Structures are given as C-alpha cells and as structure tokens.
There are 2 protein chains.
Amino acid sequence: MRWSKISDAVIRRLPLYLRVLEEVGRDPDVKLISSQELGDQAGVSPALVRKDLGWFGEFGKQGVGYEIAYLASELRRILNLDKEIPVALVGVGSLGSALVRYAGQRYEEEASFNLHIVALFDSSPNKIGGNVDGIPIWPMEALKEQVAEKGIKIAIVTVPSSSAQMVADQLVAAGVKAILNFAPVQLTVPEGVHVANADVSLELQRLAYYLST
Amino acid sequence: MRWSKISDAVIRRLPLYLRVLEEVGRDPDVKLISSQELGDQAGVSPALVRKDLGWFGEFGKQGVGYEIAYLASELRRILNLDKEIPVALVGVGSLGSALVRYAGQRYEEEASFNLHIVALFDSSPNKIGGNVDGIPIWPMEALKEQVAEKGIKIAIVTVPSSSAQMVADQLVAAGVKAILNFAPVQLTVPEGVHVANADVSLELQRLAYYLST
DNA sequence: TAGATTGTTAATCGATTAACAATC
DNA sequence: TAGATTGTTAATCGATTAACAATC
C-alpha cells in the first residue's frame with residue numbers, strides 16, 4: 001500500500017487528467033500545461049487539479065506549470081499503467097465480445113490504456129475452444145490456472161445476473177483483485193477486492209428522470 | 001419541472017431502490033418493507049433511504065414501513081418509468097448491437113425497465129436498411145424525422161470518439177434531452193440536456209490503481 | 001396500549017473552493 | 001526583477017448520519 005486513504009473521488013479523476021495530457025501532448029510544440037488549462041479540459045476546477053495531484057507529490061514548478069510528458073508518466077506510474085495489465089473477461093455473449101473488441105481498440109489508440117484482455121471464459125460448451133479477435137475462450141474450470149499463469153488481477157464480468165455472484169466468487173477465489181461488473185446486480189466481495197459497476201440499466205433509468213424537468 | 005434542485009446523488013439511488021422493491025415484491029406474501037431492509041439490500045443506510053424518499057413525499061407509515069407495491073409505483077412515476085420511453089441508438093458497431101440486445105433483455109426481464117430502443121442510426125451505407133433484433137437501421141439524415149415521429153428523448157451514443165461530438169450536436173438539434181455516451185470523450189451539450197458517461201476505458205484505468213494497494 | 005418505524009431537524013463528516021505565501 | 005503559477009491551509013459547501021418527536 002503506497003498511499004493510504006486517498007478518496008475514490010480523487011482516483012476517479014486521475015485517468016481523466018491522463019487522457020487530457022495525452023491529448024495535448026500530441027502537439028510536440030506544447031511542453032507545459034497549467035492547472036487552469038488541465039482543469040478546463042478535464043472539466044474540473046484548477047484548485048482541485050492541484051489538490052488532487054498534491055496527494056501524490058509535487059509535480060509542477062511554481063510560476064511555470066506542469067511538464068506534460070513528466071506528469072503523464074507520473075500518473076501512469078500512480079495508476080499502475082506503466083506496465084501492461086492482463087485482464088480476463090467472463091461471459092462471452094454479445095456484450096462480452098463487443099467489450100473485447102472495444103478494449104482492443106483502446107489498447108491500440110490510447111497510448112496509456114495499458115490493459116490487455118488475455119483470456120476469455122464461458123460456460124457454454126459450444127463457445128469453449130473458440131476465440132474473439134484471437135483471444136481464446138476457456139471453460140470456467142480453467143479459470144484458476146489461467147489467472148495464476150497469466151498473472152491476471154482484473155476481470156470483466158458480462159454474465160447474466162443469475163450467475164454473476166457465483167462468477168465473482170470464483171474470480172475472487174482465483175486471486176482476482178478488481179472486477180468491472182456489467183451484470184445488473186450488487187456483487188458481494190471480501191475486503192481488499194474492488195468492484196466497479198458498469199450498470200447500463202441503472203444509468204438509463206436515471207436519465208429517464210430528467211425528462212420531466 | 002416538478003422538483004427543483006434535487007441532487008444527482010439522490011436520483012442515482014432511486015433506480016436502485018426500485019430494483020430492490022421489484023426483487024422483494026416477487027414474493028406475494030411480503031407486502032411491507034422498512035427503510036432498514038430496503039437500505040440493506042441497496043447498500044445504503046436506512047437514514048439515507050428515508051431522506052432520499054422524503055424529497056418526493058411521504059410514502060411510508062410510522063411504525064409500519066413502506067408498502068412495497070405502492071412505493072414501487074411512486075418511484076416509477078418519479079423516474080418517468082410508468083410509461084414506455086422510446087430510445088435511439090447511434091453507431092451500430094459491435095458495442096451498439098450488443099447494447100440493443102442487452103436493453104431488449106432488460107426490457108423483458110425487469111418489470112419497470114421501461115426503456116425501449118426503437119430506432120438505430122449509422123453512417124455506413126452497408127448497414128443502413130438492415131436491423132438488429134428487428135429494429136431498423138436508419139441513415140443519420142433520417143434522425144430528425146425519426147426522433148420527432150417516435151417522440152425520442154433519450155439516445156445512446158456508441159460511435160467512435162472522433163465523431164461523438166458531431167453526433168451529439170445532431171441529437172441535440174433533433175430534440176434529444178438525454179444522452180448515454182459510451183465514447184471516451186467529454187461531450188459538450190447545451191443547458192437542459194443531460195449526459196451520462198459510460199466510459200469503460202476510464203473505469204478500467206481506475207481499477208488498475210487499486211492493484212498496488 | 002406498547003413497540004416499531006417514519007419523517008425531519010441538527011450534528012457530523014468529507015469534498016470542493018478560495019486564498020495566499022512560496023518560489024520559479 | 002516582475003509576473004505567473006504552484007502547493008497548501010483555511011473557509012465553504014454539500015452530502016450523510018445521528019437523533020428523536022410524531023404517529024401508526
């Protein structure tokens with residue numbers, strides 16, 4: 001544990017900053033960025049940008065700003081994106097397959113989207129042995145072995161709600177530390193395992209609220 | 001505008017409460033639920049459940065609790081889910097197609113997921129005229145007409161980042177009031193239009209942070 | 001009635017913003 | 001040097017929790 005007690009709200013903004021830095025860094029003439037400019041592009045106040053970065057160190061120079069390339073590399077280090085991260089995906093339905101392709105594209109396009117889906121899992125016999133974009137589909141029985149062998153710490157769950165908790169349990173047992181859950185259920189995981197919910201269903205229902213305002 | 005100034009944090013929890021109510025409501029013997037029980041199942045404190053509901057009215061009985069069917073119907077009304085909501089989707093790639101199927105499934109399985117994708121749009125000539133699960137794919141030129149004809153107020157955007165802002169502009173011009181954006185860019189929309197970001201890329205990068213803790 | 005639980009106000013907690021000394 | 005912008009502390013704002021009177 002490197003920095004304890006840094007709030008999730010802070011962590012959530014770091015990838016956003018990193019994306020802005022990569023965007024502006026494409027212009028080789030621009031070497032520096034101020035918290036004002038970085039905040040503008042990320043949709044955050046300059047004070048908050050400085051406060052967020054302040055949790056991790058001093059990355060800027062007073063009167064000057066932040067060196068784009070340096071700050072980007074520091075953010076990659078903080079987010080563990082300085083090395084390639086192997087990811088598993090469980091549930092190779094249409095959403096699962098689409099996410100494999102989506103992640104592959106991000107991996108190609110975004111310089112520091114360093115997450116790589118390396119193994120797929122499904123329980124359906126007619127999918128096992130197949131692949132999506134060249135990534136092999138394994139039976140659930142192979143989960144533990146593959147997670148260990150490939151050093152997988154993050155998994156994406158795109159199985160039906162009814163099996164999501166069971167799959168999460170298996171992932172945790174196999175040693176996975178973070179889960180991106182697309183199933184419309186609240187997963188229960190032990191302390192130390194992180195779950196992010198990508199619940200499209202809830203988001204759409206939430207948007208419906210604003211139709212009456 | 002019915003209730004002004006209710007925070008987004010509150011609105012975000014309402015669909016969650018609704019989901020719990022539907023879940024427990026399946027058992028016909030259970031007619032009542034306390035804020036304690038509702039909170040437990042939604043992962044929220046009982047005090048917060050009562051405070052959230054309190055913004056919209058008095059739905060419970062002291063000493064008794066909340067009548068499940070009644071509270072559910074009130075939440076549906078508040079979230080505009082008491083009537084079917086037509087939705088458009090722009091960008092019929094693999095992610096777009098997958099979401100069409102996903103939404104179709106939610107529509108079947110969840111009693112009050114009352115959002116219905118009724119029109120798809122793409123710029124690729126070899127997709128136009130086709131369909132996904134029977135829902136027709138229109139050219140972008142047909143957007144304004146279809147949105148007006150079908151009364152579409154919500155759209156899902158699954159186009160590449162490079163065209164997302166342009167598509168958003170067209171959606172806004174056509175009269176769409178809420179956008180669920182899957183493209184990894186920050187969309188700019190006028191006052192009164194709501195954007196929810198479903199940025200899988202950011203979520204995964206965020207999860208990577210927790211691998212070092 | 002007695003016990004339970006709501007609705008609501010006051011207290012607390014945490015996150016964001018404002019301000020400014022330090023310093024490049 | 002003078003102007004600019006960081007790093008950081010104090011002030012403010014908003015959201016959550018605690019507490020309890022009202023009441024079913």
Side-chain angles (χ1 to χ4, degrees), chain A residues 3-18 20-21 24 30-75 78 186 202 206 209, chain B residues 3-18 20-21 24 30-75 78 186 202 206 209:
Chain A
W3 309 279
S4 52
K5 300 286 176 203
I6 292 173
S7 114
D8 189 63
V10 174
I11 304 305
R12 197 172 273 289
R13 285 186 292 265
L14 301 183
L16 207 54
Y17 299 153
L18 182 52
V20 170
L21 292 171
V24 300
V30 184
K31 297 261 180 276
L32 295 165
I33 194 166
S34 63
S35 59
Q36 174 75 57
E37 172 73 4
L38 178 46
D40 279 355
Q41 299 227 25
V44 159
S45 77
L48 189 52
V49 169
R50 296 198 300 275
K51 191 139 218 297
D52 284 348
L53 298 177
W55 289 100
F56 303 97
E58 307 190 358
F59 304 117
K61 274 200 180 63
Q62 277 106 326
V64 179
Y66 300 90
E67 209 204 310
I68 293 168
Y70 173 65
L71 182 56
S73 83
E74 286 296 292
L75 284 177
I78 292 162
Q186 196 66 35
L202 288 184
R206 174 171 84 82
Y209 171 81
Chain B
W3 310 277
S4 52
K5 299 287 175 202
I6 292 172
S7 114
D8 188 63
V10 175
I11 305 305
R12 196 173 274 288
R13 286 186 291 265
L14 301 183
L16 207 55
Y17 298 153
L18 182 53
V20 170
L21 291 172
V24 299
V30 184
K31 297 261 181 276
L32 294 165
I33 193 167
S34 64
S35 59
Q36 175 75 58
E37 173 73 3
L38 178 46
D40 279 355
Q41 299 228 25
V44 158
S45 77
L48 191 51
V49 168
R50 296 199 299 276
K51 191 141 219 294
D52 284 347
L53 298 177
W55 289 100
F56 302 97
E58 307 192 356
F59 305 115
K61 274 201 179 64
Q62 277 106 324
V64 180
Y66 300 91
E67 210 205 310
I68 293 169
Y70 172 65
L71 182 55
S73 83
E74 285 296 290
L75 284 177
I78 292 164
Q186 195 65 35
L202 288 183
R206 174 170 85 82
Y209 171 81

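Nothing here was measured: the structure is a model prediction, and the numbers come from that model. Values below: all heavy atoms of this structure, side chains included; hydrogens, waters and symmetry mates excluded. Chain letters run A, B, ... following the sequence lines, proteins first, then strands; residues in each count from 1.
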Trainee: Given atom CZ of B:Phe56 and atom P of C:dT8, what is their separation to the nearest angstrom?
Mentor: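 In whole Å, C:dT8 P and B:Phe56 CZ are 14 Å from each other.
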Trainee: What is the distance, to the nearest angstrom, from the CG atom on A:Leu32 to the P atom on D:dA4?
Mentor: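 In whole Å, D:dA4 P and A:Leu32 CG are 15 Å from each other.
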Trainee: With both distances kept under 3.5 Å, what pairs with D:dT12, Watson-Crick or G-U wobble?
Mentor: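 Across all strands, the one nucleotide that pairs with D:dT12 is C:dA15.
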Trainee: Give, for atom OG of B:Ser7 and atom CZ of B:Arg13, the distance between the pair rounded to the nearest 0.5 Å.
Mentor: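 Output value for this atom pair is 6.5 Å.
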Trainee: Tell me whether the side-chain N/O atoms of A:Tyr66 come closer than 4.0 Å to OP1 or OP2 in C:dC24.
Mentor: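 For A:Tyr66, the contact criterion (side-chain N or O under 4.0 Å from OP1 or OP2 of C:dC24) is not met.
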Trainee: Rounded to the Å, how far apart are B:Arg12 CZ and D:dA15 P?
Mentor: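 Distance check: B:Arg12 CZ to D:dA15 P gives 12 Å.
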Trainee: Answer whether the closest heavy-atom distance between the side chains of A:Phe56 and A:Val10 falls below 4.5 Å.
Mentor: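 A side-chain contact exists here, since the closest heavy-atom pair is under 4.5 Å.
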Trainee: Figure out the CD/P separation between A:Gln62 and C:dC20, and round it to whole Å.
Mentor: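 Interatomic distance, CD of A:Gln62 to P of C:dC20: 17 Å.
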Trainee: With a 4.0 Å cut-off on heavy atoms, is B:Gly54 in touch with a base, just the backbone sugar-phosphate, or nothing at all?
Mentor: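 No contact.
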Trainee: Under a 4.0 Å heavy-atom cut-off, which of residues 37-53 of chain A touch DNA chain C?
Mentor: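 Within residues 37-53 of chain A, the residues near DNA chain C are A:Ser45, A:Ala47, A:Leu48, A:Arg50, A:Lys51.
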Trainee: Between D:dT5 atom P and A:Glu58 atom CD, what is the distance in whole Å?
Mentor: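 Whole-Å distance recorded here is 18 Å.
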Trainee: What's the spacing between B:Tyr66 OH and B:Leu32 CG if we round to 0.5 Å?
Mentor: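 Rounded to the nearest 0.5 Å, the OH-CG separation comes to 12.0 Å.
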Trainee: Could you state the CD-P distance from A:Glu67 to D:dT6, rounded to the nearest angstrom?
Mentor: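 To the nearest whole Å, that distance equals 14 Å.
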Trainee: Within the structure, does a side-chain N or O atom of B:Ser7 lie under 4.0 Å from either OP1 or OP2 of D:dA15?
Mentor: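 Looking at the OP1 and OP2 atoms of D:dA15, one of them is under 4.0 Å from a side-chain N or O of B:Ser7.
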Trainee: How many whole angstroms separate atom CD1 of B:Ile68 from atom P of C:dT6?
Mentor: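 Between P of C:dT6 and CD1 of B:Ile68: 12 Å.
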Trainee: State the pairing partner of D:dT23; accept Watson-Crick or G-U wobble contacts with both distances under 3.5 Å, and report none otherwise.
Mentor: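 WC or wobble partner is C:dA4.
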Trainee: B:Tyr70 has an atom OH; how far is it from atom P of C:dT6, in whole Å?
Mentor: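 Taking atom P of C:dT6 as the reference, OH of B:Tyr70 is at 15 Å.
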Trainee: Does a side-chain N or O of A:Ser35 approach OP1 or OP2 of D:dT5 to a distance below 4.0 Å, or not?
Mentor: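 No, because none of the side-chain N or O atoms of A:Ser35 sits under 4.0 Å from OP1 or OP2 of D:dT5.
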